[in-house]
Each structure stands twice: as structure tokens, then as C-alpha cells.
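One structure below.
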Amino acid sequence: MQEIEFPVVRIVVRGCPSTRSEQTNVAWARKMLLRAFGDNHWPGNAMFTVTPGGFVKAPFPDGWDGARGWASCPEDFQALVPHARKAVDEVLTPQMLDAARGRTEFLTLGVDLNDRSGKRKMDRKARGTHAELVAIVDIEQGEPVQWTGKSYPVTWQERTLVQEADLNSHLFYCGAERVLVLGCHDLNMFSERAKSVMVPGSHRQQRSEEMEELVTEFSPTMILHHPHSTDSPWIWSTAWSGARGLLAQDQGAEHVWTSGIAHYRSDAKRRGALSDVRSRTRCCDDHVFDIVVKPSN
């Protein structure tokens with residue numbers, strides 16, 4: 001590992017990474033990474049470079065017959081990793097890896113697998129099945145060294161999301177750093193507002209309590225969050241308030257927390273300026289540096 005000069009760089013997308021109709025955006029993702037790593041403002045060799053959720057998109061595989069929703073087990077999620085890996089491998093070309101070396105040690109890639117508009121041969125209730133993964137890529141090795149994914153769905157995903165039920169997959173050790181890697185809605189497991197409306201004994205409450213117990217013991221020094229869309233500077237504030245309280249309390253230590261940013265809203269006008277969104281979804285400029293890219297580039 002080369003000398004680390006900066007903790008985290010975010011690749012901030014000014015807009016939507018791809019249209020809803022796209023099943024794959026691998027070429028776009030590779031192009032944006034090349035532009036970002038070629039930016040003259042890059043602050044030095046970073047420990048982590050973070051993308052938003054769904055930065056890479058690929059079709060959900062045919063023939064998969066695992067469980068979805070709260071019935072998902074770790075094996076169901078792991079069966080999807082090889083399919084997500086194919087898309088990631090297309091992004092990690094020799095040219096892209098060469099551009100990243102010397103600029104970051106690890107790259108966290110949000111990878112979505114989406115059903116092909118109900119065209120797959122499956123039970124009608126299973127249409128719309130999808131998964132949201134995060135690959136932790138070791139740039140020197142040129143491949144993912146750990147996978148995790150969304151463990152805490154939004155309400156409309158409860159029946160269709162293949163959840164990552166292995167919560168230990170969110171914990172990543174990097175030298176002296178203990179890194180908590182979260183999918184999009186996962187951050188809300190730490191939100192006091194969300195906890196106040198959980199049904200006692202529900203799947204949501206059980207998942208949230210299990211996660212908080214695990215993270216408390218892990219005592220992270222870094223939290224990397226991968227939301228898909230962040231159009232407001234306040235959208236994650238309550239959840240971050242709870243999550244930051246779980247960071248290790250080492251005396252004198254300054255720990256890192258940040259959300260990956262894609263600044264758009266699919267169904268309405270954005271609710272906040274990008275500058276405000278950037279400043280309120282990270283710990284500070286001294287620890288998290290932003291490289292902004294545009295989907296149209």
C-alpha cells in the first residue's frame with residue numbers, strides 16, 4: 001500500500017447516473033471514473049474513493065430462484081455476486097485501473113441489478129426483483145475484495161429486494177481503520193425518527209437492533225454510505241445523527257463519515273443546491289474531497 005495522503009474522495013455525480021430505461025450503464029461508469037481519476041484537482045493518494053449507489057447498473061440474472069424480501073438469506077445474495085462481478089470487471093479495465101493507481105487504494109462501487117421490466121419468466125409476484133450491492137475494489141489487485149449490499153429496504157422494496165442478510169459483510173478492516181460500508185437506505189437503521197415508528201417485533205426493528213448491536217461492538221472509525229439520490233442537504237441528517245454516535249470514541253481522533261452523492265430527484269425538482277448537499281453529507285473538507293462529474297460529459 002502506498003502512503004495515504006487523503007482519507008476519502010467522493011465522485012459526486014451532478015445529475016442522474018442513467019435513465020430508468022437503461023439496463024446497463026457500464027460504459028458510462030467507466031468513462032466517468034476515467035474523467036474523475038484524471039482530474040487535476042485530485043488531492044493525493046486516497047484511502048477510499050466513494051461512488052453513489054447504483055453507479056453501475058446491470059440486468060438481474062435469468063434463472064435465479066432465490067428468496068427475496070425479508071425471506072432473503074445470505075446465500076440468496078451471494079448467488080448474485082458473480083453476476084454483479086461481470087459488470088464490475090467490465091468497468092475495471094487496465095486503462096481505468098492505471099488511472100486509479102496512485103490516486104486511491106480502494107474504490108467502493110454501487111452496483112444495481114434490475115429486473116428487465118417484468119420480461120423474465122417468473123412468478124408475477126416476483127417481477128421487479130432487484131438487488132443493490134456495493135463492491136469494495138482493491139485497486140492494486142484490480143478486483144473486488146469484499147461485497148455488501150442493502151440490508152434495510154424502503155417500504156416499496158420489502159417484497160422485491162434481495163436483501164443482504166449477512167450484516168457482517170458491512171464491516172471492512174483496512175489497516176488500523178474499521179470501516180462500516182452501508183447501502184442506500186441502510187443508514188436509516190440508526191435514525192431515531194425511523195425507530196420511533198417501527199412496529200415492535202417487526203422485521204425492521206429486529207434488523208435495526210441487530211445492526212446497531214453489531215456496529216457498537218465493531219466501533220467503526222469510518223462510515224461510507226452509498227445512497228442513490230441525494231437532492232436535499234437534510235435528507236440523511238437524522239440518520240447521520242444516530243450513526244455518528246456509533247463512531248469510535250478514541251481520544252483526539254477525528255473519524256470520517258460521508259455519503260456518496262448523485263444530485264438529482266427522479267420525480268420532482270431538486271430541493272437543495274449541490275454545494276449545500278456536499279457540505280452537509282460529509283464530516284469536513286479536510287477528510288473528504290469531492291470530484292464532481294456530469295452524466296452528459
Side-chain angles (χ1 to χ4, degrees), residues 8 11 17 24-26 29-30 33 47-61 63-69 71-93 96-97 100 104-115 129-153 157 160-175 177-187 189 207 210-211 214-215 218 220 222-228 258-260:
V8 174
I11 297 179
T24 180
N25 67 341
V26 168
R30 185 170 56 243
L33 288 171
M47 181 174 293
F48 289 95
T49 295
V50 178
T51 66
F55 190 81
V56 179
K57 290 182 171 63
F60 198 91
W64 182 88
D65 61 354
R68 49 196 63 78
S72 304
C73 67
E75 292 74 19
D76 297 320
F77 186 87
Q78 282 300 314
L80 295 174
V81 167
H83 301 280
R85 173 69 188 267
K86 291 178 183 178
V88 168
D89 284 346
E90 290 184 47
V91 173
L92 301 179
T93 61
M96 204 291 294
L97 290 168
T104 192
E105 297 298 315
F106 294 94
L107 170 67
T108 62
L109 280 175
V111 185
D112 283 2
L113 298 178
N114 296 311
D115 176 39
T129 299
H130 61 290
E132 299 175 11
L133 304 90
V134 179
I136 303 173
V137 177
D138 184 315
I139 293 298
E140 187 58 37
Q141 294 185 35
E143 62 183 10
V145 291
Q146 187 161 314
W147 290 85
T148 188
K150 184 186 280 188
S151 300
Y152 191 71
Q157 296 177 316
T160 56
L161 180 73
V162 182
Q163 301 175 21
E164 171 54 294
D166 178 11
L167 300 186
N168 282 288
S169 70
H170 294 280
L171 313 181
F172 182 68
Y173 292 89
C174 181
E177 301 292 345
R178 299 181 299 277
V179 188
L180 176 63
V181 182
L182 299 173
C184 183
H185 197 58
D186 290 341
L187 191 67
M189 283 188 278
R207 181 65 53 83
E210 183 182 354
M211 187 65 161
L214 184 69
V215 173
F218 182 61
M222 301 178 73
I223 304 178
L224 307 179
H225 172 224
H226 299 77
H228 288 68
T258 189
S259 295

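Proximity of R178 to Y173: side-chain heavy atoms (C-beta onward) are separated by under 4.5 Å at one or more points. Side chains of F106 and V179 form no contact here, defined as non-hydrogen atoms less than 4.5 Å apart. Annotation: side chain of W147 is in contact with side chain of V88 (closest heavy-atom distance under 4.5 Å). Side-chain contact between K57 and N114 is present, with heavy atoms from C-beta onward closer than 4.5 Å. V111 places none of its side-chain heavy atoms less than 4.5 Å from the side chain of V134. Side-chain contact between I139 and E105 is absent, with no heavy-atom pair separated by less than 4.5 Å. Counting only heavy atoms from C-beta outward, the side chains of L161 and H130 approach each other to under 4.5 Å. Between M222 and F48, the closest side-chain pair of non-hydrogen atoms falls below 4.5 Å.
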Full working for side chain to side chain contact (heavy atoms under 4.5 Å, CB included) between L171 and L180: CA-CA 5 Å; L171 313 181; L180 176 63; 3.9 Å; yes

Steps toward side chain to side chain contact (heavy atoms under 4.5 Å, CB included) verdict (K86, D89): CA-CA 5 Å; K86 291 178 183 178; D89 284 346; 5.8 Å; no

Evaluation steps, side chain to side chain contact (heavy atoms under 4.5 Å, CB included), between V137 and V145: CA-CA 6 Å; V137 177; V145 291; over 6 Å; no

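Taken from CG in L224 to CG in L182, the straight-line distance is 8.5 Å, to the nearest 0.5 Å. Atoms CG and NE2, from L113 and H83 in turn, are 8.0 Å apart once rounded to the nearest 0.5 Å. Atom CD in Q146 sits 11.0 Å away from atom SG in C174 (nearest 0.5 Å). The CD atom of E164 sits 5.0 Å away from atom OG1 of T148, with the distance rounded to the nearest 0.5 Å. Distance check, rounded to the nearest 0.5 Å: CZ of R68 to CD of Q157 gives 14.0 Å. To the nearest 0.5 angstrom, D112 atom CG is 3.5 Å from H228 atom NE2.
Closest approach of H170 to V181, counting heavy atoms only: ND1-O, 2.6 Å. Closest of all the heavy-atom pairs between A29 and V56 is CB-CG2, 3.9 Å. Taking every heavy atom of both residues into account, L80 and P61 meet most closely at CD2-CG, 3.7 Å. Nearest heavy atoms, P74 versus A165: CD-CB, 3.9 Å. Closest heavy-atom contact between S151 and P153: O-CD, 3.8 Å. The two atoms that bring D115 and F60 nearest to each other are N-CB, 3.7 Å, heavy atoms only.
The backbone N or O of T108 lies less than 3.5 Å from a partner atom in the side chain of T51, making a donor-acceptor pair. Between the E132 side chain and the G54 main chain, no donor and acceptor come within less than 3.5 Å of each other. Remark: the backbone N or O of C73 is paired with a side-chain donor or acceptor of D76 at under 3.5 angstrom. In this structure, H225 contributes its side chain and G260 its backbone to no donor-acceptor pair below 3.5 Å. Between the side chain of H226 and the backbone N or O of C184 there is no donor-acceptor pair closer than 3.5 Å. In this structure a side-chain-to-backbone donor-acceptor pair under 3.5 Å is present from T104 to T49. Side chain of Q163 to backbone of G69: a donor-acceptor contact under 3.5 angstrom is found.
Between F172 and F218, the ring centre distance reaches or exceeds 6.0 Å.
L109 pairs in a side chain to side chain contact (heavy atoms under 4.5 Å, CB included) with only one of the listed residues (L33, L133, I136), which is L33.
Checked against ring pair (Phe, Tyr, Trp, His ring centres under 6.0 Å), H185 has the following partners two or more places apart in sequence or in another chain: Y152.
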